[in-house]
There are 4 protein chains.
Amino acid sequence: MSDRPVQPRPGRKRSEESRLAILTAAFELIAEVGYAGLTIEGIAARSGTGKQTIYRWWPSKADVLMDAMATKAELYVPIPDTGSYAADLRAFLEASFTLARRPAVADGLRALMAEAQIDAAFGERFRASFLRPRRDALGIVLERARSRGELPPGLSPGAIADIVFGTIWYRLLATRRLPDDRLVEELVTALTEPGLEEPS
Amino acid sequence: MSDRPVQPRPGRKRSEESRLAILTAAFELIAEVGYAGLTIEGIAARSGTGKQTIYRWWPSKADVLMDAMATKAELYVPIPDTGSYAADLRAFLEASFTLARRPAVADGLRALMAEAQIDAAFGERFRASFLRPRRDALGIVLERARSRGELPPGLSPGAIADIVFGTIWYRLLATRRLPDDRLVEELVTALTEPGLEEPS
Amino acid sequence: MSDRPVQPRPGRKRSEESRLAILTAAFELIAEVGYAGLTIEGIAARSGTGKQTIYRWWPSKADVLMDAMATKAELYVPIPDTGSYAADLRAFLEASFTLARRPAVADGLRALMAEAQIDAAFGERFRASFLRPRRDALGIVLERARSRGELPPGLSPGAIADIVFGTIWYRLLATRRLPDDRLVEELVTALTEPGLEEPS
Amino acid sequence: MSDRPVQPRPGRKRSEESRLAILTAAFELIAEVGYAGLTIEGIAARSGTGKQTIYRWWPSKADVLMDAMATKAELYVPIPDTGSYAADLRAFLEASFTLARRPAVADGLRALMAEAQIDAAFGERFRASFLRPRRDALGIVLERARSRGELPPGLSPGAIADIVFGTIWYRLLATRRLPDDRLVEELVTALTEPGLEEPS
DNA sequence: CAGTAACCGAGACGGTACGTCAAGTCTTAAT
DNA sequence: ATTAAGACTTGACGTACCGTCTCGGTTACTG
């Protein structure tokens, strides 16, 4: 096993130091000047690197930011498995909302989603490497619930995912009221079969 | 009262011809070159006007586009009043989805929402003059339902609005699968009290 | 008469202030940093103008410099007419040498001739608008001498011009010994018919 | 004495293969893309060597080109010795003109002279190792003529050299009319004492 | 014959300047 | 006062090369 025979290409190796300096600069700049003020030149200047080094490894400033978010922000959302669909859903929502309430994360996510609308090629990359994994995580929770027969009738897993992520993103993008615990309960209410949730 | 006494200011009047030419050019250009390729200079050239004329009347190209969308696209969504919450919701969703499925409209909405993330001042205007009226329309439907006691327990009107608009926007922005009739039914399922909708 | 009906084109007029600031900056910079260190960006910064303003009116930095030399340096060489070929030639050479001994002029001429070798299109412009007029001035002197039968046998006016200008340029470009009065006499000696010059 | 005692330094020897590949690449590239398009990176790529190898042995691309000209072009001009100043001068001019008429040589010479104006350090090397030997060759011819009393009165050997080389270079650099046989005769006419040349 | 020193190719690095684009401002003559 | 036209300053873009700096690997002299 273990493919990739390390392929010892000739020439100087990529500088890990520069890579981190660039991601750090991008992460700091987005907080200081906003996405509209974020420029490749600014990242290069702040990080003490050359523009060419950025262009060599990332196709656009949005890709730098996406990489910076993945590297510098801790975006991991665990896949809960409590045995109950309602509890799993609540746990997933709470973890996601906690993330989205961090200002730097919320600002970064808004900028990435905006750029995804404007630059179609980046949009593809953003969906494939950022949105899809998180949607897949919820998909696992929903699949378990489905196999236990806990999903409400008339609601497909796909629609539930659309509603869950749609509501989170809408709060971020359109209302700018960050999602709170009350919204967790209302989403759980809407997405579970009434009468089944609280067996008390 | 005393409505604008026509205020006969001195000097040449605003050219209605130019205004329409600018909005038409913006609407056509967004389809031809995309929002990334839309420029004030391009709009001026295409419309046969000067840049200054655009800057005099609109604060940014996104405002031109928003105006163009409002003027050139027919974005009106009627406020249904059938007497039944489920039927009203379904009608509202169907009308909204029909709109969002028009490619020019979908592209324009995506661009406006993107710009609203990047330019905070435009974001304010976009929310106030574009998002709020539509949310208010749904609010009227929901208020009528609430007063008739048809809203599901545990779901506030605000949360329902977040879920409805969130899901529509998410399909536009993140999945690029345009909303379809099946989603209408799933949203109605999630947002009505089970057993009440279809009295079968 | 008086063509060019002033052609009142619409729009803002070219800024004479910027034009002069650019030429002045170029003329000063060539002395301070040399041609290798002369950049469009440097000229723009020093002159307080934008790069685009330079690119709008000149095709290359060499053209800016050529214009600056013509405007800022006083390069005019009068066409002598003493009635004697030898005296005219001597006067022409002395005036030309005086010019070429000014360091700023010598440096500028060297740079222009160098660029003319490297950029063929500029070379054409340099020959047509810089070298040709000066060669034509000498041509008038020689034509007068020819009509009076004063040219030495076996020497065409073209060859005399090649020798005169060739020698001046060679001293500038290759030896960097600036031309002096002794060289004037030696050139006059070589280019006049012996025995005719000093009729004494 | 005993120069360079072969100094058997340790380490790998300079690769003659790479040296020739670099000079060949430079010589070919100057013809294909011109001096403006000639780059160290291009020479390295074409020759299959690394940039460092070039920088190790030559201080600039102009030095590579000068070396390539000396190695690839046959630039040798014999020192004629016929016993007659006029015949020697004619022979020297004819040999030099023949060289300068070869397009690759003319292009190379123009580029070197241009670079000598722009890069002062290279200019020194160009004068010392390229121009000086050729001027010295003519100097030998002129010294022999002087000792035989054949030089025209009023013309120093230095002035003659300035006129000879100046005229050749001027034709190359400024008029781009390559020197021809007629010019040989006119130069001989100007630089010999009339009545002495053809004793007929 | 193992070290070690200089060379080689490849290619990433920090920089500088390029020539272009568009932004938002201003000036002009005409309406 | 407003318009179309177009020049203005500003700032970032993405590219091209510069000259330097690793890399891993090859030669060739030396202790």
Side-chain angles (χ1 to χ4, degrees), chain A residues 8-19 21 37-42 44-45 47-57 59-61, chain B residues 8-15 17-18 21 37-45 47-57 59-61, chain C residues 8-19 37-42 44-45 47-57 59-61, chain D residues 6-15 17-19 21 37-45 47-57 59-61:
Chain A
R9 286 193 303 147
R12 187 174 175 174
K13 288 206 180 77
R14 175 172 185 181
S15 163
E16 180 66 9
E17 195 177 4
S18 291
R19 188 185 141 266
L38 185 69
T39 65
I40 296 276
E41 298 209 329
S47 64
T49 64
K51 282 202 290 179
Q52 200 59 260
T53 301
I54 301 178
Y55 283 110
R56 184 159 22 236
W57 300 109
S60 78
K61 69 172 178 173
Chain B
R9 287 186 298 158
R12 187 172 172 174
K13 282 209 190 86
R14 174 172 186 182
S15 162
E17 194 179 6
S18 291
L38 186 69
T39 63
I40 295 277
E41 299 209 326
I43 296 171
S47 64
T49 64
K51 285 202 292 179
Q52 197 60 260
T53 302
I54 300 179
Y55 282 111
R56 200 185 333 268
W57 301 109
S60 79
K61 69 173 178 173
Chain C
R9 285 194 303 148
R12 186 174 176 174
K13 288 209 178 75
R14 176 172 184 181
S15 162
E16 180 66 9
E17 194 178 6
S18 291
R19 188 185 142 266
L38 185 69
T39 64
I40 296 276
E41 299 209 328
S47 64
T49 64
K51 283 202 289 179
Q52 200 59 261
T53 300
I54 300 178
Y55 283 110
R56 195 176 353 255
W57 301 109
S60 78
K61 67 172 178 171
Chain D
V6 196
Q7 53 182 22
R9 287 186 301 157
R12 186 172 176 174
K13 284 209 188 85
R14 175 173 184 180
S15 163
E17 194 178 7
S18 291
R19 188 185 142 267
L38 186 69
T39 65
I40 296 277
E41 299 210 326
I43 296 171
S47 63
T49 64
K51 284 202 293 177
Q52 197 61 261
T53 302
I54 301 178
Y55 283 110
R56 195 174 350 255
W57 300 109
S60 79
K61 68 172 179 173

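Since this is a predicted model, take the numbers as computed values, not measurements. Quick note: numbers below take in every heavy atom, side chains included, and nothing from hydrogens, waters or symmetry partners.
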Please give, in whole Å, the distance from F/dA16 C1' to D/Lys61 NZ?
12 Å

Rounding to a whole Å, what distance do you find between C/Ile54:CD1 and F/dA7:P?
16 Å

Where do A/Leu38 and A/Lys61 come nearest, in terms of heavy atoms and distance?
O-NZ, 2.8 Å

Just the table, please: protein N/O against nucleotides 10-12 of chain E N/O, every pair under 3.5 Å.
unit_1 : atom_1 : unit_2  : atom_2 : d
E/dA12 : O4'    : A/Arg12 : O      : 3.4

Separation of atom CD1 in C/Ile40 from atom C1' in E/dT16, rounded to whole Å
14 Å

Hey, which sits more toward the 5' end of DNA chain F by its nearest nucleotide, A/Leu38 or D/Pro59?
A/Leu38

Assuming nearest nucleotide by heavy-atom distance, tell me which of B/Gly37 and A/Ser18 is located more 5' along DNA chain E.
A/Ser18

In chain order, what residues pass the side-chain contact (heavy atoms from CB on, under 4.5 Å) check against D/Arg14, with sequence neighbours excluded?
D/Arg19, D/Trp57, D/Trp58

Nearest-nucleotide comparison on DNA chain F, the residue closer to the 5′ end among D/Gly42 and C/Glu16:
C/Glu16

Whole-Å gap separating C1' (E/dG9) and CD1 (D/Ile43)
17 Å

Return the set of residues passing side-chain contact (heavy atoms from CB on, under 4.5 Å) with B/Ala21 (not counting sequence neighbours), or none when no residue passes.
B/Ser47

Value in whole Å for how far the C1' atom of F/dT9 lies from OH of C/Tyr55:
16 Å

Under the side-chain hydrogen bond (donor to acceptor under 3.5 Å, both in side chains) rule, collect the residues that match up with C/Ser18, sequence neighbours excluded.
C/Ser15

How would you list, by chain and number, every residue that makes a side-chain contact (heavy atoms from CB on, under 4.5 Å) with B/Thr39, sequence neighbours excluded?
B/Glu41

If you check the D/Thr39 side chain, which of E/dC18, F/dG14, F/dC17 turns out closest?
F/dC17

Residues at least two apart in sequence or cross-chain that pass side-chain contact (heavy atoms from CB on, under 4.5 Å) with B/Gln52, listed by chain then number, are B/Tyr55, B/Arg56

